[in-house]
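Values in this document were obtained by computation on a predicted structure and should not be read as measured data.
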Amino acid sequence: RFGMHAMIRTERDPELRVQIVESCQEFADDPKKMREKFLEDNLEFSKQIIIARENLSKVTIDPDLRRKISRVCSELNVDGLRGDIVTNRAARAFCAFDGRT
């Protein structure tokens with residue numbers, strides 16, 4: 001089971017759709033070149049993730065926010081406590097990634 005999911009929707013902006021198609025073709029034509037194109041960005045992103053992992057244990061969630069998460073999950077009729085647990089974990093992870101505690 002997965003605690004979270006992503007809703008995927010089709011992009012409606014024609015310009016962005018063209019960019020997506022072009023990027024897919026660029027990758028299909030030369031995957032190595034495409035990966036090299038984004039290497040620096042990916043390295044920076046991986047550094048941010050490593051720092052976030054190191055700081056995750058320092059992140060706390062205010063009790064009022066925990067109650068709000070549980071209240072929302074309850075109001076949405078989320079079955080069980082998985083929604084509460086996953087949302088709290090996601091909030092902590094986001095704060096760690098964002099450099100907050």
Side-chain angles (χ1 to χ4, degrees):
R1 284 178 25 159
F2 292 100
M4 299 189 84
H5 73 276
M7 176 108 33
I8 308 299
R9 294 201 172 118
T10 302
E11 178 56 52
R12 299 285 181 212
D13 179 0
E15 291 300 317
L16 190 51
R17 290 172 69 103
V18 168
Q19 286 179 342
I20 293 167
V21 170
E22 289 173 349
S23 290
C24 286
Q25 188 59 56
E26 189 177 344
F27 181 80
D29 291 344
D30 191 346
K32 185 177 179 181
K33 183 177 179 184
M34 185 71 158
R35 284 191 296 270
E36 288 172 357
K37 179 178 177 180
F38 292 99
L39 180 61
E40 204 169 304
D41 290 338
N42 286 336
L43 288 174
E44 180 60 33
F45 190 57
S46 68
K47 287 177 188 175
Q48 288 176 293
I49 291 171
I50 291 167
I51 291 169
R53 282 182 178 169
E54 292 169 353
N55 292 328
L56 184 60
S57 64
K58 300 172 193 161
V59 176
T60 59
I61 296 180
D62 186 87
D64 289 337
L65 180 56
R66 288 184 188 271
R67 279 190 282 283
K68 185 174 184 176
I69 289 169
S70 290
R71 188 171 42 255
V72 169
C73 287
S74 178
E75 289 171 3
L76 293 173
N77 293 318
V78 174
D79 190 32
L81 294 172
R82 178 60 52 196
D84 304 53
I85 294 166
V86 170
T87 304
N88 276 276
R89 286 180 180 169
R92 287 183 66 228
F94 179 76
C95 286
F97 185 79
D98 200 39
R100 294 180 282 151
T101 58

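I49 contributes atom CD1, which lies 10.5 Å from atom CD of E44 (distance to the nearest 0.5 angstrom). The distance from the CG atom of D98 to the CD atom of Q48 is 9.5 Å, given to the nearest 0.5 Å.
Other residues, nucleotides and ligands contribute more than 12 heavy atoms inside 6.0 Å of the CD atom of E36. Environment of CZ in R100: crowded, with over 12 heavy atoms of neighbouring residues, nucleotides or ligands closer than 6.0 Å.
Here V72 sits in one hydrophobic cluster together with L76, V78; the rule is ILVMFWY side chains under 4.5 Å apart, joined directly or through other members. The hydrophobic cluster containing I61 also includes L65, I69, under a criterion of side-chain heavy atoms closer than 4.5 Å among ILVMFWY residues, counted directly or through chains of members. Grouped by direct or indirect side-chain proximity (heavy atoms under 4.5 Å, Ile/Leu/Val/Met/Phe/Trp/Tyr only), I85 sits with L81.
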In residues 17-25, what donor-acceptor pairs under 3.5 Å come from side-chain atoms, sequence neighbours left out?
{"from": "R17", "atom 1": "NH1", "to": "E11", "atom 2": "O", "distance (Å)": "2.5"}
{"from": "S23", "atom 1": "OG", "to": "Q19", "atom 2": "O", "distance (Å)": "3.1"}
{"from": "Q25", "atom 1": "NE2", "to": "D29", "atom 2": "OD1", "distance (Å)": "2.7"}

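Remark: the backbone N or O of N88 is not paired with any side-chain donor or acceptor of R66 at under 3.5 angstrom. Judged by distance alone, with hydrogens and angles left aside, the side-chain atoms of S74 form no donor-acceptor pair with the main-chain N or O of R71 at under 3.5 Å.
The minimum heavy-atom distance linking A28 with P31 is given by the pair O-CD, 4.2 Å. Contact between A52 and A96 at its shortest, heavy atoms only, is O-CB, 3.5 Å.
Listed by first and then second residue, the ring pair (Phe, Tyr, Trp, His ring centres under 6.0 Å) pairs involving residues 59-101 are F45-F97 (not counting sequence neighbours).
Within the 4.5 Å cutoff, the side chain of D64 has no heavy atoms near those of the K68 side chain.
Residues meeting the side-chain contact (heavy atoms from CB on, under 4.5 Å) test with D41, sequence neighbours left out: F38.
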